[in-house]
Undergrad: 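Take a look at this one; I'll ask things after.
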Amino acid sequence: MADRFNAAAVPFGMKDKLGYMFGDFGNDFTFILSSSFMRMTDRFLAYTKRSDFLVCVDSDGCAMDTMDIKHISCFGPCMVEEWGLEKWGSEILKRWNEINLYTMTRGINRYKGLSMALSEINEKYKRIKDIDILRKWAEKSQELSDRALEQEIMRNNSTCLKKALSWSMKVNQSIDRLKQDEKRPFEGVAEALSVAHRDADVAIVSSANLGAVLEEWELYGLLEQTDIVLAQDAGSKAFCIGELMKRGYAPEHVLMCGDAPGDMDAAEKNGVLYYPILVRHEKKSWEEFIREAFPKFIGSAYAGTYQKEKKRQFLKNLGNDHI
């Protein structure tokens, strides 16, 4: 009986090995995706609403005076190094700062900014292999984070995607090496958060790296004035605001504070209010938040004329007078 069974057995060949390999790959990938989703959803499920009002605050360039130093000293130089662009370094770094700091794309997600910059470099200076693959991922992905990119690389072993991840890791390491006195909150932020937290829930809603956000806010004792921290790995700002609103906040009771058009867009997508922190006028912006904006928000007098004027000032400050 055993002899007949052995004689009928088919040798374990290359097709079988490949089948097992891709089966394991599929199981691992499914597990990673489900684990990522659970981490995101667990953060929202664990959140407890304290107040009828919610203030969402961006981190870099809004609460923390870290945006310029990170882009000038970390993001741009790391891109030049990763893609060997030293020959055109000064021009490329100037353009990187324009995209990420001083125009209507200020505050754009790091991978969207990278895609924009490399697309221009590909046309003007040097061919960037697989740039179309990075551009497509940056446009279509529901989550733009290091973790999401690692998952995409498992599906598409693209040179540009791998270099983008390497660049991002180098950026994180470079940011970690910045001195503590180069990563400070803007003047007035601590008082503003304290005032807001007395009458409203406060959420950090940022596209920055989670570890950096936690470190910087903890360093200056700001985390104790917040109720939840939502960073790059939690999803887009619009998504995060939308998820928080499911806890029962009325749209007119939610205020997004930010310094970039993407922050205003996230607010508008959810039908909530927006308060701008004006570039190069951050101290005055936070003083006005305490003195006028927050009292109007709590007193249901923010929408309408005041909101329209704040958006007008915001766009004018970035060189765009249209609203």
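These figures come from a predicted structure and were not determined experimentally.
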Undergrad: Could you tell me which residues satisfy ring pair (Phe, Tyr, Trp, His ring centres under 6.0 Å) with Trp137, sequence neighbours excluded, listed by chain and number?
TA: Tyr111
Undergrad: Who pairs with Arg198 by side chain to side chain contact (heavy atoms under 4.5 Å, CB included), at least two apart in sequence or on another chain?
TA: Ser194, Val195
Undergrad: Side-chain heavy atoms under 4.5 angstrom apart, residues restricted to Ile, Leu, Val, Met, Phe, Trp, Tyr: same cluster for Ile204 and Phe186?
TA: yes
Undergrad: Is it the case that the side chains of Ser158 and Asp130 hold a donor-acceptor pair, with the cut-off being a distance below 3.5 Å and no angle test?
TA: yes
Undergrad: Begin with the C-alpha distance, continue with both residues' side-chain angles, and end with the deciding distance and a verdict on side chain to side chain contact (heavy atoms under 4.5 Å, CB included) for Val55 and Cys257.
TA: CA-CA 7 Å; Val55 175; Cys257 300; 4.0 Å; yes
Undergrad: So, Arg110 and Ser207: side-chain donor and acceptor under 3.5 Å apart, yes or no?
TA: no
Undergrad: Counting distance only, does the side-chain N/O of Asp263 pair as donor-acceptor with the main-chain N or O of Ala260 below 3.5 Å?
TA: yes
Undergrad: Is it true that Lys136 and Asp132 make a salt bridge, defined as a side-chain N closer than 4.0 Å to a carboxylate O?
TA: no
Undergrad: Check this for me: does any side-chain nitrogen of one of Glu215 and Lys183 sit under 4.0 Å from a carboxylate oxygen of the other?
TA: yes
Undergrad: Apply salt bridge (Lys or Arg N to Asp or Glu O under 4.0 Å) to the pair Glu91 and Lys94, showing each step before the final yes or no.
TA: CA-CA 5 Å; Glu91 297 172 51; Lys94 180 181 179 182; over 6 Å; no
Undergrad: Are more than 12 heavy atoms, taken from residues, nucleotides or ligands other than Glu191, located less than 6.0 Å from that residue's CD atom?
TA: no
Undergrad: For Asp146 and Asn172, does a side-chain donor sit closer than 3.5 Å to a side-chain acceptor?
TA: yes
Undergrad: Distance-only, no hydrogens or angles: does the Thr226 side chain make a donor-acceptor pair with backbone N or O of Val202 under 3.5 Å?
TA: no
Undergrad: Is Val254 linked to Phe239 within one hydrophobic cluster, defined over Ile, Leu, Val, Met, Phe, Trp and Tyr using a side-chain heavy-atom separation of less than 4.5 Å?
TA: yes
Undergrad: Within a radius of less than 6.0 Å around NZ of Lys49, do more than 12 heavy atoms belonging to other residues, nucleotides or ligands occur?
TA: yes
Undergrad: Could you check whether any side-chain heavy atom of Lys112 comes within less than 4.5 Å of a side-chain heavy atom of Ile108, counting everything from C-beta outward?
TA: yes
Undergrad: I'd like to know if Leu244 and Leu273 are part of one continuous hydrophobic network [Ile/Leu/Val/Met/Phe/Trp/Tyr, side-chain heavy atoms within less than 4.5 Å].
TA: no
Undergrad: Applying a strict under-4.5 Å side-chain criterion to I, L, V, M, F, W and Y, I'd like to know whether Leu144 and Leu230 cluster together.
TA: no
Undergrad: Would you please test Ile133 and Cys160 for side chain to side chain contact (heavy atoms under 4.5 Å, CB included) and show each step?
TA: CA-CA 7 Å; Ile133 294 175; Cys160 198; 5.7 Å; no
Undergrad: For Ser115, does its backbone N or O pair with a side-chain atom of Ser119 as donor and acceptor, under 3.5 Å?
TA: yes
Undergrad: Taking the side chain as C-beta and beyond, is there a heavy-atom pair between Asn122 and Lys126 under 4.5 Å?
TA: no
Undergrad: Under 4.0 Å between a side-chain nitrogen and a carboxylate oxygen: does that hold for Glu309 and Arg312?
TA: yes
Undergrad: Please answer: with hydrophobic residues joined when any side-chain heavy atoms are less than 4.5 Å apart, are Met116 and Trp167 in the same cluster?
TA: no
Undergrad: Just do the side chain to side chain contact (heavy atoms under 4.5 Å, CB included) check on Lys269 and Ile241 with the steps written out, would you?
TA: CA-CA 9 Å; Lys269 283 181 177 177; Ile241 294 171; over 6 Å; no
Undergrad: Only counting residues at least two apart or in another chain, list the ones meeting side chain to side chain contact (heavy atoms under 4.5 Å, CB included) with Glu268.
TA: Met264, Lys311
Undergrad: I'd like to know if the side chain of Asn100 and the backbone of Arg106 have a donor-acceptor N/O pair within less than 3.5 Å.
TA: no
Undergrad: Under 30°, 30 to 60°, or over 60°: which ring-plane class applies to Phe53 and Phe297, parallel, tilted or perpendicular?
TA: perpendicular
Undergrad: Keeping the roles fixed (side chain from Tyr274, backbone from Gly258), state whether a donor-acceptor pair exists under 3.5 Å.
TA: yes
Undergrad: Do the side chains of Glu243 and Arg247 get close enough for a salt bridge, i.e. N-O under 4.0 angstrom?
TA: no
Undergrad: Would you check if Asn317 and His281 make a side-chain contact, meaning some heavy-atom pair closer than 4.5 Å?
TA: yes
Undergrad: Using atom types as modelled, flag every donor-acceptor pair under 3.5 Å from a side chain in residues 57-86 to any protein atom, sequence neighbours excluded.
TA:
residue : atom : partner : partner atom : Å
Asp58   : OD1  : Lys237  : NZ           : 3.2
Ser59   : OG   : Trp217  : NE1          : 2.8
Asp60   : OD1  : Thr66   : OG1          : 2.9
Asp60   : OD1  : Lys70   : NZ           : 3.2
Asp60   : OD2  : Lys70   : NZ           : 3.0
Lys70   : NZ   : Glu216  : OE1          : 3.4
Lys70   : NZ   : Glu216  : OE2          : 3.0
His71   : ND1  : Trp96   : NE1          : 3.1
Ser73   : OG   : Ile69   : O            : 3.4
Glu82   : OE1  : Ser166  : OG           : 2.9
Glu82   : OE1  : Lys170  : NZ           : 2.8
Glu82   : OE2  : Lys163  : NZ           : 3.1

Undergrad: Can Glu143 and Ser141 be counted as having a side-chain donor-acceptor contact under 3.5 angstrom?
TA: no
Undergrad: Verify, without hydrogens or angle tests, whether Arg50 (side chain) and His197 (backbone) share a donor-acceptor contact under 3.5 angstrom.
TA: yes
Undergrad: Do the side chains of Glu182 and Lys179 get close enough for a salt bridge, i.e. N-O under 4.0 angstrom?
TA: no
Undergrad: Under the side chain to side chain donor-acceptor pair (under 3.5 Å) rule, collect the residues that match up with Gln173, sequence neighbours excluded.
TA: none
Undergrad: Which atom pairs, donor and acceptor, lie under 3.5 Å between side-chain atoms of residues 287-296 and protein residues at least two apart or in another chain?
TA:
residue : atom : partner : partner atom : Å
Glu288  : OE1  : Lys310  : NZ           : 3.2
Glu288  : OE2  : Tyr306  : OH           : 2.6
Glu288  : OE2  : Lys310  : NZ           : 3.0

Undergrad: Count the heavy atoms belonging to other residues, nucleotides or ligands that lie under 6.0 Å from CD of Glu187, then report whether that count exceeds 12.
TA: no
